[in-house]
Amino acid sequence: MARRLPPLNALRAFEATARHGSLTRAAQELSVTQGAVSRQVSQLEEWLGIPLCLRLRHGIEATPEGATYAATLRAAFDLIETQTRQLRTRPTDNILRIKLPPTFAIRWFVPRLARFHALHRHIDVHITTSHQQVEFERDEVDLCIHSGPAPIPGAICRKLFGEILLPVCSPGLFKNADPPRDAADLSRFVLLCSMHRASDWPDWLAAAQVTTIDGNSGLKFENSALAYQAATDELGIVMAQRAFVEDDLRTGRLLAPLPLRVHTDNAYYLAYPKGRQDTPMIRAFEEWIVQETGQMEEAAR
């Protein structure tokens with residue numbers, strides 16, 4: 001049998017009005033106009049066929065029937081609110097919150113995440129991305145991947161891999177142009193890079209002893225992932241980090257037209273707060289990511 005209930009909005013409007021004794025305060029609570037509340041209360045009275053409120057000069061007073069009905073509604077709404085809160089408050093014992101640099105997340109972590117999930121299906125991974133260094137006392141994260149010349153002070157850090165720069169591009173870029181013969185020959189091509197890594201091209205060109213090319217020229221993107229995509233789409237040659245293009249080089253989606261690799265002072269670290277090294281989820285993640293980076297380095301050699 002179908003339930004025969006009054007309109008829910010009208011019930012809410014009347015319960016709030018009876019509780020506050022005021023159309024104005026009920027309207028403020030429900031984020032509607034006073035006129036809307038008044039109409040909904042009148043609609044409920046018409047639906048029930050009895051008066052529920054007395055409109056007085058200085059407010060609203062429930063009739064005896066209205067007061068009894070309002071108390072019943074209040075108990076029902078309290079029960080609904082309590083049960084809803086319990087449903088929304090899920091246990092967090094199985095949630096691992098990770099903060100990553102955007103390009104690390106897109107180019108390295110997400111393509112490998114399925115392997116971690118296959119090993120630890122009980123762990124729900126929540127990922128946020130940012131270029132800002134983590135502050136464990138403030139940020140709601142369990143661990144992070146930190147990129148920089150040194151570990152995060154005061155945190156447990158484990159170096160995963162160093163940073164190696166090399167120019168890469170799509171093989172299709174050379175359909176109508178010859179590949180560069182040497183580093184100086186890059187002047188014939190558009191240089192691509194991230195705005196967050198403006199020194200990559202100048203550093204690489206300096207290592208190649210090329211002074212005739214402005215390393216700050218070319219197309220710049222918000223992050224390296226966009227620059228890599230631009231290279232894949234044949235817009236030019238991107239200064240890449242080896243770890244983020246290893247799979248593309250292996251499959252031939254991208255190629256390295258010049259042999260020079262330049263090691264920087266930066267590295268990628270796994271970091272988490274002191275005292276949490278024995279947390280099972282952190283320990284499981286550390287074991288997995290160390291194995292993944294070790295396999296990547298072995299394959300590169």
Side-chain angles (χ1 to χ4, degrees), residues 1-100 102 105-106 110 113-114 116-118 120-130 132 134-144 273 276 279-282 284-285:
M1 181 183 297
R3 294 185 184 275
R4 189 166 183 267
L5 298 174
L8 178 59
N9 284 340
L11 292 175
R12 293 181 65 212
F14 168 64
E15 188 277 331
T17 299
R19 176 161 35 88
H20 290 293
S22 166
L23 291 171
T24 301
R25 290 200 293 272
Q28 291 171 346
E29 176 182 316
L30 299 174
S31 299
V32 297
T33 65
Q34 179 179 327
V37 173
S38 180
R39 287 192 297 273
Q40 288 168 348
V41 172
S42 296
Q43 178 186 13
L44 180 59
E45 291 177 318
E46 183 179 347
W47 196 93
L48 293 171
I50 60 171
L52 297 173
C53 294
L54 299 175
R55 276 71 169 176
L56 306 176
R57 179 177 297 180
H58 300 294
I60 294 292
E61 181 179 310
T63 65
E65 295 88 349
T68 300
Y69 195 45
T72 301
L73 290 175
R74 190 171 307 118
F77 286 148
D78 287 346
L79 180 60
I80 292 171
E81 183 180 20
T82 299
Q83 293 297 317
T84 301
R85 189 182 300 114
Q86 291 177 356
L87 288 173
R88 294 186 65 185
T89 307
R90 295 180 55 194
T92 59
D93 292 345
N94 67 326
I95 295 177
L96 184 63
R97 301 164 302 176
I98 306 175
K99 186 175 183 179
L100 306 168
I106 296 168
V110 171
L113 181 56
F116 178 76
H117 183 63
H120 305 283
R121 293 190 177 275
H122 65 289
I123 299 178
D124 288 344
V125 177
H126 290 193
I127 300 170
T128 58
T129 62
S130 174
Q132 299 298 318
V134 72
E135 294 183 24
F136 288 114
E137 299 81 7
R138 182 197 65 188
D139 298 341
E140 294 185 356
V141 296
D142 299 303
L143 55 82
C144 76
R276 302 205 62 192
T279 303
M281 286 193 298
I282 290 180
F285 184 85

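Residue numbers run from 1 in the order of the sequence given.
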inquiry  = Please find the pair of heavy atoms, one from L52 and one from F14, that lie closest to each other, and give the distance.
reply    = CB-CE1, 3.6 Å
request  = Would you give the length of the straight line joining atom CD of E15 to atom CG of D78, rounded to the nearest 0.5 angstrom?
outcome  = 7.5 Å
query = Between R55 and S42, do the side chains contain an N or O donor and an N or O acceptor separated by less than 3.5 Å?
reply = yes
query = Got W47 and L5 here, is their nearest side-chain heavy-atom distance under 4.5 Å?
reply = no
query = Do K99 and T129 have side-chain heavy atoms sitting under 4.5 Å apart?
reply = no
inquiry  = Are Y69 and L44 packed together at the side-chain level, in the sense that at least one heavy-atom pair is separated by less than 4.5 angstrom?
reply    = yes
request  = For the pair E45 (side chain) and C53 (backbone), establish whether a donor and an acceptor sit closer than 3.5 Å, ignoring hydrogens and angles.
outcome  = yes
inquiry  = If I compare all heavy atoms of I123 with all of H117, which pair ends up nearest, and what's the gap?
reply    = O-ND1, 4.2 Å
ask   = To the nearest 0.5 Å, how far apart are CD1 in I80 and CG in L73?
value = 9.5 Å
task = Using salt bridge (Lys or Arg N to Asp or Glu O under 4.0 Å) as the criterion, list what pairs up with R97, not counting sequence neighbours.
result = D142
request  = Would you give the length of the straight line joining atom CD of Q40 to atom CG of L23, rounded to the nearest 0.5 angstrom?
outcome  = 11.0 Å
query = What is the minimum heavy-atom distance between M281 and I95, and which atoms define it?
reply = CE-O, 3.3 Å
request  = Look at the side chain of S22 and the backbone N and O of R25, then say whether any donor-acceptor pair between them is shorter than 3.5 Å.
outcome  = yes
request  = Answer yes or no: is there a donor N or O on one side and an acceptor on the other, between the side chain of S38 and the main chain of Q34, under 3.5 Å?
outcome  = no
Closest approach of V37 to A27 (non-hydrogen atoms, all atoms of both residues) = CG2-CA, 3.7 Å
remark   = Scanning both residues in full, the closest heavy-atom pair of R74 with A18 reads NH2-C, 4.5 Å
query = Within a strict 4.5 Å, meaning less than it, do heavy atoms of the H120 and F285 side chains meet?
reply = no
ask   = Do side-chain atoms of T17 reach the backbone of A26 as a donor and acceptor pair under 3.5 angstrom?
value = no
request  = For the residue pair L96 and L143, establish whether any side-chain heavy-atom pair is separated by less than 4.5 Å.
outcome  = yes
message = As an exercise, state the distance from OG1 of T128 to CD1 of I98, rounded to the nearest 0.5 Å.
response = 9.0 Å
Residue pair H20 / Q28, side-chain heavy-atom distance below 4.5 Å = no
